[in-house]
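The sequence lines fix the lettering, A, B, ..., with proteins before strands; numbering per chain opens at 1.
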Amino acid sequence: MAQYWLFKSEPDVFSIHDLQQAKGKRTSWEGIRNYQARNFLRDTAQVGDGVLFYHSNADPLAIVGTATIVKPGYPDHFAWEPDHKYFDPASTPDNPVWFMVDIRLTNIFSQPVTRESLQSEADCSQMLLLKKGSRLSIQPVTETEWRAVHRIAGIPPL
DNA sequence: GCCAACGTTGGC
DNA sequence: GCCAACGTTGGC
């Protein structure tokens, strides 16, 4: 059964428009350096899972579209490159610490689903995203929340 | 730019 | 194994 996720990204670093312009509208999701998020990517995320693409540290703060997981968890090889910003000497090819997935753009919402609109949506009241101090950049989302976001966006859920 | 909430680090 | 110090995230 498909699961649903929310991925945070700072649009100044990588926006949904960057994803749209990427080859095959597809990208690897490297640089996750939090163990809880790592575990989701390594152990739980499956090909075909839905991803809500959220712009953090942005104006507006919003879910701006959706993507699909097209490659399940595999070692984040950027951690092995000494000159890379995601280098981590604790991770080696023999014993990788960090993992990533690949995603492909599904669609860009014509109307972004703002954080403000999520805050006034009863079905989204439990979203981790809306909890104060929540910094987890890979979050599980319930089917109810997935549907509610699509309802606000005015498009049918996949 | 501020700062609360976290996660990590490292001395003990 | 505790916990203070520190660095980061990210909304406001």
Asker: Can you name the atoms? Protein N/O to nucleotides 5-9 of chain B N/O, anything below 3.5 Å, with the distance.
Answerer:
| from | atom 1 | to | atom 2 | distance (Å) |
| --- | --- | --- | --- | --- |
| B:dA5 | N3 | A:R135 | NH1 | 3.4 |
| B:dC6 | OP1 | A:K132 | O | 3.4 |
| B:dC6 | O2 | A:R135 | NH1 | 2.5 |
| B:dC6 | O2 | A:R135 | NH2 | 2.8 |
| B:dG7 | O4' | A:R135 | NH2 | 3.1 |

Asker: Does the gap between the ring centers of A:Y35 and A:W98 come in under 6.0 Å?
Answerer: yes

Asker: For the pair A:S15 (side chain) and A:H17 (backbone), establish whether a donor and an acceptor sit closer than 3.5 Å, ignoring hydrogens and angles.
Answerer: yes

Asker: Please tabulate, one pair per line, all N/O donor-acceptor pairs under 3.5 Å involving side-chain atoms of residues 64-73 of chain A, not counting sequence neighbours.
Answerer:
| from | atom 1 | to | atom 2 | distance (Å) |
| --- | --- | --- | --- | --- |
| A:T66 | OG1 | A:N107 | OD1 | 3.2 |
| A:T68 | OG1 | A:T106 | OG1 | 2.9 |

Asker: Is a side-chain donor-acceptor pair under 3.5 Å present for A:E30 with A:S28?
Answerer: yes

Asker: How long is the line joining CG of A:L136 and P of C:dG11, in whole Å?
Answerer: 13 Å

Asker: Between A:D123 and A:R147, is the closest basic N to carboxylate O distance under 4.0 Å?
Answerer: no

Asker: Scan side-chain atoms only and decide if A:T92 and A:W80 contain a donor-acceptor pair under the 3.5 Å cut-off.
Answerer: no

Asker: Taking A:A79's backbone N and O only, do any of them form a donor-acceptor pair with A:D88's side chain (distance below 3.5 Å, no angle check)?
Answerer: no

Asker: Atom CZ of A:F7 and atom C1' of C:dG10: how far apart are they, to the nearest Å?
Answerer: 18 Å

Asker: What does the list of N/O pairs under 3.5 Å between the protein and nucleotides 2-4 of chain C look like, with a distance for each?
Answerer:
none

Asker: Would you mind reading off the distance between A:L130 atom CG and C:dG11 atom C1', rounded to a whole angstrom?
Answerer: 11 Å

Asker: So does A:H77 get a backbone contact from the side chain of A:H84, meaning a donor-acceptor N/O pair under 3.5 Å?
Answerer: no

